[in-house]
Every structure is written in structure tokens, then in C-alpha cells.
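Notes follow the structure.
As the structure is a prediction and not an experimental result, all values here were calculated from the model.
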Amino acid sequence: MRAAEDTARARLRDRVAASDPGLLRLAAAVRTVGAIGLTVTVLTVLGTDLPHLVTGALVAMVSTFAIREKQRSRQAVTLAVGLPVALVSMSLASLLHHRVVGGDLVFVALIFCAVYGRRFGDRGTALGLIGFQMYFVALFVGATPEGLPELYAAVAVAFGCSALMRFALVPETPVGVLERLRSAFRARMAQLLSAQLDLLDAGPDEADRALRRVREGTARLHETALLIQGRLADGTADEAVARLVQRRIADAEIAAERLGLALLRARGAERVDTLALHLPGAPVPSGGRQPVREEATTALRRDLDALRVLVLRPVEAAGGTGVAHLRNRLLGYRDEENVPVASPAVQDAFRAVGDTARAVLGLRIALGGAQDESDDSPATARSREELDAEDAVLDAEEEEESKEEATGLERRTTRAAVQVAVGSLLAIVGGELLSRDRWYWAVLTCWIVFLNTASTGEILVKGSRRLVGTVLGVLAGIVLAGAVGHHTGTAFALVLLFVFAMFYSAPLSYTLSSFFVTAALGLLYTLLHTYSLSVLVLRVGETALGAACGVIAAAFVLPVRTDRRTNDLLATVLRRLGEVTDSAVDQLSGGPPGDLMDQARDLDQALADLRSAVQPLTHPATPLRSRRETARYVVALLETCAYHARTLAASAELLLSRPSIAPDPRLRGATGRIGRNLEAITAHVTDEDAGDTIETGPSIASLLGPTAPPPPGQGRVTEHVLRHLQRLDEAVTGLARPLDVPVKASEG
């Protein structure tokens, strides 16, 4: 009974870890709600009146979520500097509240400085956010010069409670966050394996849904891998260990994605296109709608389940004979003599299982150090030797740091500051026409729609989502205000619940987050005895006005069109793709080793930025359906290209530790067409008048030409990478049609 309960708890823990990688959203929500609750408790004990209770609660919320630095020492400094910034901002708001022109000008200047401060990194962003939000809080509670001493006390208590929650009660350490992210990676990889097993067995009616689950699982695993890579430098004391873990995470991610493709081919889709795992809504390829009916697939299903067990097993857990047996059997499929008799596609699936097991072994060694090797089979011992050789090569490399785009970042910050200032000025004027007392809601919305956006389209989408969430939140506020009445304790409890939900849902849905914050504000109005239906309706009007002012400022003041931003980001992705491909092919051809994993990570980040920027183009409400489908198709093709480029990079690094595989100098010449095509597409994206064209022609394999046979006992790397090079060539060529790049047939 207890074993069943432990298993159920472990499954629930893995499910939570997978849905919230590193528990980052849960920790942020708990920390914020805890700071608010602790502040309200302390102020209540001190006999503070209700307006200052609300002030303390809002200040605690802002001072907690505004600070996003990873190092605790830097967090402490920012929090300490944030207190005087908050006091100065609230003092200005209370002193200038009745001086309309002077107060408005100071508020606009404060907004400009707050946005411009982002150029100074996380600390500048946090202090700017604190300064703006504290001014808003002072307006919200109606602060006056006479009440400043009590206001200062409430602010000081709120900052103190925020520090207590952050550094003592719910601490966030880089090491702890990284450890939770590693657990999330294991959980998400196990979920992906479960989805892949379902795909193997899915019948005709279930195939599309099973493929959708595999696609979603692959995307989530990649998301967690990026989160881990972003936290490695701060969460790992040894730089060499951080680079090793980064390499092993990339290995495991690529192996799992490759396994999914092999299983899809095993269903009968011998010529499956890798686009199937990347294009939303893509059906299972023809021929792949029937479950596999071979005898060998019984063992394949068993081994997929065994692989899932290995993935979920904690690194620190003891090995055991049973686990060693599973590991040895799965790694044995890396030797041809152990692959069962079956169709070629099913045999490839067994080989993919073996490669994934090797990646899991490498990740466990990187995270947990040396392990018991007494039960190793020859195949397992050989895999360990390969991993050790890779580690030695990795330790010998020197990592170079590069600081790019500092000037570009400053330009974007300056532009955003000017746009927000102009938009806020419009919002102030329009907001005061709607209400002399609640005009600041329009300014707040204008400010918020500019956060983490960089184009007019992104601002329009974010503003519309905030408006929808606000309308729904107003409806909820009407119901809750009538139900709660003047029960202060119940209202505060609901506010805390909504604040928790707001921060927990913020990364998932901006509409949902806006709904919760509006419902919470309705309850705060009830507590302050300023609630009325007209107030909530006015909030909707001010929100719509603020969003409109933000869009107007973005469209007419130093505008960055969505097309321009997406083109810039698309060009960046293409350049990163070319860099990874060139470096990988050079190394596969016998060139010196390079920082391929760092380049692959830059490619992933560039692709993530592009995916975010095209949201206005792919939004369901966009009227240009053909354009929406084009954007989705281009991103899907780039996902395919990135997958094959990451696989080439992993193969190139694997070559360094595999003496049985020799590089192939022919690859460098045969793949020149891929690089030239990427350059041609990049030139066309950055300049529509460019005359570059795409080359097409014979397959990569036919371009290799003759070469001397490899030394005895060695095989060429060619057979391991040729399929990926061919698929990459086809995907790059496929970009020509949606991007309107001219195509010409190669004379060779």
C-alpha cells in the first residue's frame, strides 16, 4: 500500500515538474503571495489602517516580482537600492497629485527613465519597474503629503517582508533552480517517451492525436533544455562541468527527437519528412497511420518502457542489478549483432533506442559523477570510454566569450523609452478626459503593453489580450464584490488567491493573467470602499484607451514594423544556421574542433526569438490567412533545419571520441550548396532587390565523388550524417517558395 502511494506521489511530482520546469512559476507565485501575506500580517499587528494595508500589499508584490537577477548578492543590492527609489517615487506622486501639469510631466519623465534603464540590465529594469509602479500605487491609494510617514512605514515593512521571503522562507538559489530544472528535463523526456510509445501503437483513428502529443512533448523538452542552458553558468560553480552538462543535455534532446522520427518511420512511413514533428497540424505521413505489426516490436515496446524507467530514475539512486541489466541491454543495440531481425525501419528504431540510452548514460554521469561499473557489459564499457574521450576533448577546449549587439540593445531601449513616453502622454490626456481620478489606469496599460514587446504587431496582440482579460475580470469582480461585501478577511484571502493565480499563469496566458489581476483589483476597491459598477466599467474604458495609445505610439513614433522585426530575426536565424552547419561540416571533414554546442544554443535562442515575434502574424484573429500559413510554414521549416543542424553538431563532436570513425574530407566540398543557398536567402530577406538565387541539383550523396578508402578498422563518418545533410539541403531549398527567392537548377 505504501509502495503504491509512493509511486503515485512520484508520478504526481514528475507531472508537476514537467508542467512547470524547475517549479519557477510555482516558486515565484508562492514567494509573491507569501510576501503580501506576511506584510499584511505585520501591518495588522501594528494597527495599520486599511488604506496602508493595501499599500503594503501592493508594494510587497512589486518589490518581489520586479527583481529577476539570479545571484542572491545582486538581488540583495537591488532590493536595498529599490527602497529609496520607491520612497522617492511615492513622495513625488503624493506631492504632485493635485498639480496636474507638473505631476503629468514628472510622471512621463519617470516612465521614460524607467524604460531607458533597461539598457543597464536586470538591475536597471527592476529599479525602473519599482519607480513606475510605486508612483502608480501612490495614485491608487490616494497618498497625500500628510500621510507620508505612515506610507514610508508601510513601504519599509513591505520591503523587509519581501527580503525575508526571498532570502529565508522561500529562497531561490541558482544551484537549487538548476537541480529542479534537471528533474523537469527527466520528467519531460519520460513523457515524450510515453507519447512515442503511444504513437507506435496508435490505430488509424488515434494516429493524428498521438503525433500531436509527440510534437508537443518534443517542443516542451526543447523548452526545458533552453531553460537549463540559461541557468548553467549561475548554477554550476565549475565552468567545465557547466559546459559538460550543456553538451549532455543537447545529446539527450537530439537523441530523443531522433528516436521519435525512427518510430514514425517504423509505422510504415519509410519516407517520412521530419517536418511532421515541427509543423502544427501536420498529419501523420501517408503509410504511417497503421500500428506496427512485426514480432520484433514487442521487444521494441518493452525497451521503450525500460528506457523510460532509466530516464526517470534519480541520478543519486543506487544502480542495482536490474537497472544495470536494462542499461546493458539497451546500449547493446549500438552493436549491429544485437539488433533484432526486422524490417530496416524497425531496426533503425532499435538503434535509436541504443543511442538514446547512451545519451541518458552520459547525462547521468555528467550530473552524478562516477558510477558503479562492476555490472557493465562490453557495450556499456565501450559507451563509457566514448563519453570519457568526449569529456577529455571538452576539457581541452578554451571557451571564448563574445559580447554582441550592445549597441543594438541600446538603440532598441532608447526607441522604446521614447515610444512609451509619447504613448503615456497620450494616455494621460485621454485618461483624464474619461476620469479625473482614475486616468492612471490608461497609463498603466500603455506601459505594460510595451513590456517584452518590440514591434507594433506584438503590442497590438498584447493590448488586445489585456483588454479581453480585463473585461472578463470586471465581470468576475462584479460577482465577487457582491458576494464578499465588506468581509475584509475573505476579500484579502481571495486577493492572495488571485495574485497567486496571476503569477502562476503569467508565462502561459497573458489574457488569464489580466483576468486575475482585474478581479483582484475589484476586491481591493471593495476594501477601500470605492467600489462601484461604474468604476469597473471605467477600468475597461481606460484599459482600451491605454492599449490604443500604445499601438498609436508604436505605429507612428520611431516605428518598428512587424515585418521589419521578423525579417531581422529571420536573417539572424539563417546566419546562425549557416554558422552551425559550416562549423559542423568543417569538423566532420577533419577540421579543428570548435564550440559547436554554443553555436547550436545561439541558433536555438534566435529561433525562439523569431517564434515569439511572428505571433502577430500567426494569431487566429489575423485577417491575412495566407500570410499566417506562410509564417507557420517558414518557422516549421526552420525548426526542421535547426534539428538537422543540431544533429550534425552532435555528430561532429562525437567524431572526436570515436576512433572507429574517420572524417570525410569530401563533405566540405559537397555541402557548399547549402551554405550558398543560406547566404542567398539571407540576402533576399535583408534586401528585396537582391539578385541572389537558390541552387538546386543532384543529391548530396552524388556530389561526394571518389576518395581513398579509410584506414583498416575504420569507417567513414559519411554514412552517419549524409541523411541529415540531405534533409537540411531539402529544407533550405524549401524556404525559397514561401520567401519568394528565385530558384535555378545547378549546372552540376
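Listed by chain and number, the residues in a side-chain hydrogen bond (donor to acceptor under 3.5 Å, both in side chains) with S583 are Q599 (sequence neighbours excluded). For the side-chain hydrogen bond (donor to acceptor under 3.5 Å, both in side chains) test, no residue two or more places apart in sequence or in another chain qualifies with T693. Applying the side-chain hydrogen bond (donor to acceptor under 3.5 Å, both in side chains) rule to Q196 yields no partners; only residues at least two apart in sequence or on another chain are considered. Applying the side-chain hydrogen bond (donor to acceptor under 3.5 Å, both in side chains) test to D602 and every residue at least two apart in sequence or in another chain returns nothing.
For residues 341-352, the set of pairs meeting the salt bridge (Lys or Arg N to Asp or Glu O under 4.0 Å) definition, not counting sequence neighbours, comprises E336-R351, D348-R351. Under the ring-ring contact (aromatic ring centres under 6.0 Å, His included) criterion, the residue pairs touching residues 332-359 are Y333-F350, with sequence neighbours excluded.
Between L193 and D305, every side-chain heavy-atom pair lies at or beyond the 4.5 Å cut-off. A heavy-atom distance below 4.5 Å is not found between the side chains of L728 and T671. Using a 4.5 Å heavy-atom cutoff, the side chains of L574 and V685 are in contact. You'll find the side chain of R308 reaches within 4.5 Å of the side chain of S194, heavy atoms only. R302 places a side-chain heavy atom less than 4.5 Å from the side chain of R329. Using a 4.5 Å heavy-atom threshold, the side chains of V360 and M189 count as touching. With a 4.5 Å cut-off on side-chain heavy atoms, D201 and L197 count as touching. Between R188 and E223, some side-chain heavy-atom pair lies under the 4.5 Å cut-off.
Looking at every heavy atom in both residues, S377 comes nearest to N328 through N-OD1, 3.4 Å. Residues D355 and A255 come closest through the heavy atom pair O-CB, 4.2 Å. Between L610 and L570, the closest heavy-atom pair is CD1-N, 4.0 Å. Residues A352 and A262 share a closest heavy-atom pair of CB-CB, 3.9 Å. Counting all heavy atoms, side chain and backbone alike, A256 lies closest to T356 at N-OG1, 4.3 Å. When all heavy atoms are compared, the tightest approach of L300 to V346 is CD2-CG1, 4.5 Å.
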Run the side-chain contact (heavy atoms from CB on, under 4.5 Å) test on L259 and L307 for me, step by step, so that the C-alpha distance in whole Å, both residues' side-chain angles and the decisive distance to 0.1 Å come before the verdict.
CA-CA 11 Å; L259 176 58; L307 183 59; 4.0 Å; yes

Would H222 and R646 count as a side-chain contact (heavy atoms from CB on, under 4.5 Å) if you check the C-alpha gap in whole Å, the side-chain angles of each, and the deciding distance to 0.1 Å?
CA-CA 12 Å; H222 185 59; R646 289 198 305 270; 3.8 Å; yes

Please test L735 against V741 for side-chain contact (heavy atoms from CB on, under 4.5 Å), starting from the C-alpha separation and ending with a verdict.
CA-CA 8 Å; L735 289 168; V741 184; over 6 Å; no

Is there a side-chain contact (heavy atoms from CB on, under 4.5 Å) between R213 and L199 once you walk through the steps?
CA-CA 9 Å; R213 286 189 58 212; L199 176 64; over 6 Å; no

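One finds a salt bridge joining R727 and E730 here, because a Lys/Arg side-chain nitrogen approaches an Asp/Glu carboxylate oxygen to under 4.0 Å. Using a cutoff of 4.0 Å between basic side-chain nitrogens and carboxylate oxygens, D692 and R676 are not scored as salt-bridged.
Atom CZ of R632 and atom CD of E639 lie 12.5 Å apart (nearest 0.5 Å). Separating the NE2 atom in H684 from the OG1 atom in T682 is a distance of 11.5 Å, to the nearest 0.5 Å. Considering CZ of R248 and CD1 of I228, their distance stands at 14.5 Å, rounded to 0.5 Å. Taking OG1 from T733 and CD1 from I674, the interatomic distance works out to 8.0 Å, rounded to the nearest 0.5 Å. Here the CD1 atom belonging to I681 is positioned 12.0 Å from the CG atom belonging to D740, to the nearest 0.5 angstrom. Rounding to the nearest 0.5 Å places CD1 of I249 at 4.5 Å from CG of L363.
Not a single donor-acceptor pair under 3.5 Å links the side chain of H644 to the backbone N or O of L725. Judged purely by atom type and a 3.5 angstrom limit, R358 has no side-chain atom pairing as donor or acceptor with the backbone of R334. Judged by distance alone, the side chain of E695 and the main-chain N or O of R673 form no donor-acceptor pair under 3.5 Å. Proximity of a side-chain donor or acceptor of N677 to a complementary backbone N or O of I694 within less than 3.5 Å is not detected. With hydrogens and angles ignored, the 3.5 Å screen pairs no side-chain donor or acceptor of D198 with any backbone N or O of A210.
Counting heavy atoms of neighbouring residues, nucleotides and ligands inside a 6.0 Å radius, atom CZ of R209 does not exceed 12 of them.
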